[in-house]
Amino acid sequence: MANTSFGNAAYDLTNTVVAPQRKEQQAPRTQPEPKRQSGRKAAAQPQVRPQQGISLFAVTGFTAIALMAVLVLTSYIQLNSVYAATNTMEDYLTELVEEEASLTSEYNDLFDTATLQEVAEEAGLVEPSSSQKVYLELTEPDNAIVYEQKEDPTLVESVAEDLQSFWRSMLTYFAR
């Protein structure tokens, strides 16, 4: 190592230390072929893979994916039915608005307020004076009794009702 240098300095080519000569390459060894018995062929042994168990995690994952796919499909079904109902109601609303406009114009044509006021004055009808108006004052509070009041459903009843509604919507969608 006395004559070696590292870094920016050049290597000394006058170094007389020579690397040891490589040994001659040896010829690769060949293994003798196994002796076969005459007349008999070696029977091929079928190789069997060891049986792998099914992972509980994989089964749970596939079940969750299948359940989510079913839930997505049912939500699309419900969305489609709501969309169809909305379109039906919008059409019905348009018809009702048109009918209201025609009935309002017909009402205004039949009952002209100026004509009605003239007819009422000819019949002797006049607006009541303040002395003719009577106000009723009640000292006791009003009471109201509601019959057949439904109780709030319990959690089990509301879940059962939701499930029934879900299955009814599924049956009506697929019955089409």
Side-chain angles (χ1 to χ4, degrees), residues 34 36 39-176:
R36 293 187 182 172
R40 290 187 178 178
K41 292 184 177 178
Q45 295 284 335
Q47 293 183 354
V48 180
R49 281 189 359 198
Q51 184 177 5
Q52 296 178 353
I54 298 174
S55 170
L56 179 63
F57 182 72
V59 171
T60 305
F62 284 122
T63 304
I65 289 170
L67 180 63
M68 287 186 184
V70 167
L71 290 175
V72 166
L73 288 175
T74 55
S75 66
Y76 277 128
I77 290 169
Q78 289 177 347
L79 180 65
N80 190 16
S81 64
V82 167
Y83 180 71
T86 302
N87 284 339
T88 304
M89 288 181 186
E90 285 177 351
D91 294 341
Y92 185 63
L93 177 65
T94 304
E95 291 174 10
L96 287 177
V97 167
E98 291 172 359
E99 186 178 350
E100 178 198 17
S102 66
L103 289 175
T104 303
S105 66
E106 187 179 324
Y107 174 80
N108 290 336
D109 291 342
L110 291 177
F111 298 103
D112 184 25
T113 55
T115 309
L116 284 176
Q117 192 171 6
E118 288 177 11
V119 170
E121 288 175 0
E122 288 176 6
L125 297 175
V126 290
E127 251 186 78
S129 64
S130 61
S131 63
Q132 294 173 326
K133 294 178 185 176
V134 177
Y135 294 100
L136 181 63
E137 292 182 26
L138 297 174
T139 57
E140 296 180 18
D142 290 337
N143 292 330
I145 299 173
V146 178
Y147 291 101
E148 297 179 17
Q149 183 177 5
K150 291 185 178 181
E151 295 180 10
D152 292 333
T154 62
L155 178 65
V156 174
E157 291 173 346
S158 64
V159 168
E161 185 178 321
D162 291 342
L163 286 175
Q164 287 176 351
S165 172
F166 170 75
W167 286 115
R168 273 190 248 121
S169 67
M170 292 291 291
L171 289 175
T172 56
Y173 180 77
F174 288 114
R176 293 181 191 172

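Because the structure is a prediction, the values reported are computed rather than measured.
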Checklist entry - Do the non-hydrogen side-chain atoms of I77 and F174 ever get within less than 4.5 Å of each other? => result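 The answer is yes; the side chains approach within 4.5 Å.
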
Checklist entry - Please, which pairs that meet ring-ring contact (aromatic ring centres under 6.0 Å, His included) have at least one residue in residues 65-109, sequence neighbours excluded? => result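 Of all non-adjacent pairs touching residues 65-109, those that pass ring-ring contact (aromatic ring centres under 6.0 Å, His included) are Y107-F111.
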
Item to check | Interatomic spacing from CG in D91 to CD in E95 - rounded to 0.5 Å | outcome: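 Interatomic distance, D91 CG to E95 CD, rounded to 0.5 Å: 7.0 Å.
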
Checklist entry - Atom OG1 of T104 and atom CD of E99: how far apart are they, to the nearest 0.5 Å? => result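 Between T104 OG1 and E99 CD, I get 10.0 Å after rounding to 0.5 Å.
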
Next on the checklist: If the condition is side-chain contact (heavy atoms from CB on, under 4.5 Å), which residues does T86 pass it with, not counting sequence neighbours?
Outcome noted: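 By the side-chain contact (heavy atoms from CB on, under 4.5 Å) rule, T86 matches V82, E90.
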
Can you list, pair by pair, the side-chain donor-acceptor contacts under 3.5 Å of residues 155-170, counting residues two or more places apart and other chains?
residue: E157; atom: OE1; partner: T154; partner atom: N; Å: 3.1
residue: S158; atom: OG; partner: T154; partner atom: O; Å: 3.4
residue: S158; atom: OG; partner: L155; partner atom: O; Å: 2.9
residue: S169; atom: OG; partner: S165; partner atom: O; Å: 3.4
residue: S169; atom: OG; partner: F166; partner atom: O; Å: 2.6

Next on the checklist: The criterion is side chain to side chain donor-acceptor pair (under 3.5 Å); which residues satisfy it with S102, sequence neighbours excluded?
Outcome noted: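 For S102, no residue satisfies side chain to side chain donor-acceptor pair (under 3.5 Å) once neighbours in sequence are set aside.
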
Checklist entry - Mind checking what makes side chain to side chain donor-acceptor pair (under 3.5 Å) contact with T115, not counting sequence neighbours? => result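 Listed in chain order: D112.
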
Enumerate, atom names and distances included, each donor-acceptor pair closer than 3.5 Å involving a side-chain atom of residues 57-71, sequence neighbours excluded.
residue: T60; atom: OG1; partner: L56; partner atom: O; Å: 2.8
residue: T63; atom: OG1; partner: V59; partner atom: O; Å: 2.7

Checklist entry - Restricting to pairs with a member in residues 117-140, which pass side-chain hydrogen bond (donor to acceptor under 3.5 Å, both in side chains), not counting sequence neighbours? => result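 Pairs touching residues 117-140 that pass the test: S129-S131.
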
Item to check | Residue I54 excluded, over 12 heavy atoms near CD1 under 6.0 Å | outcome: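 No.
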
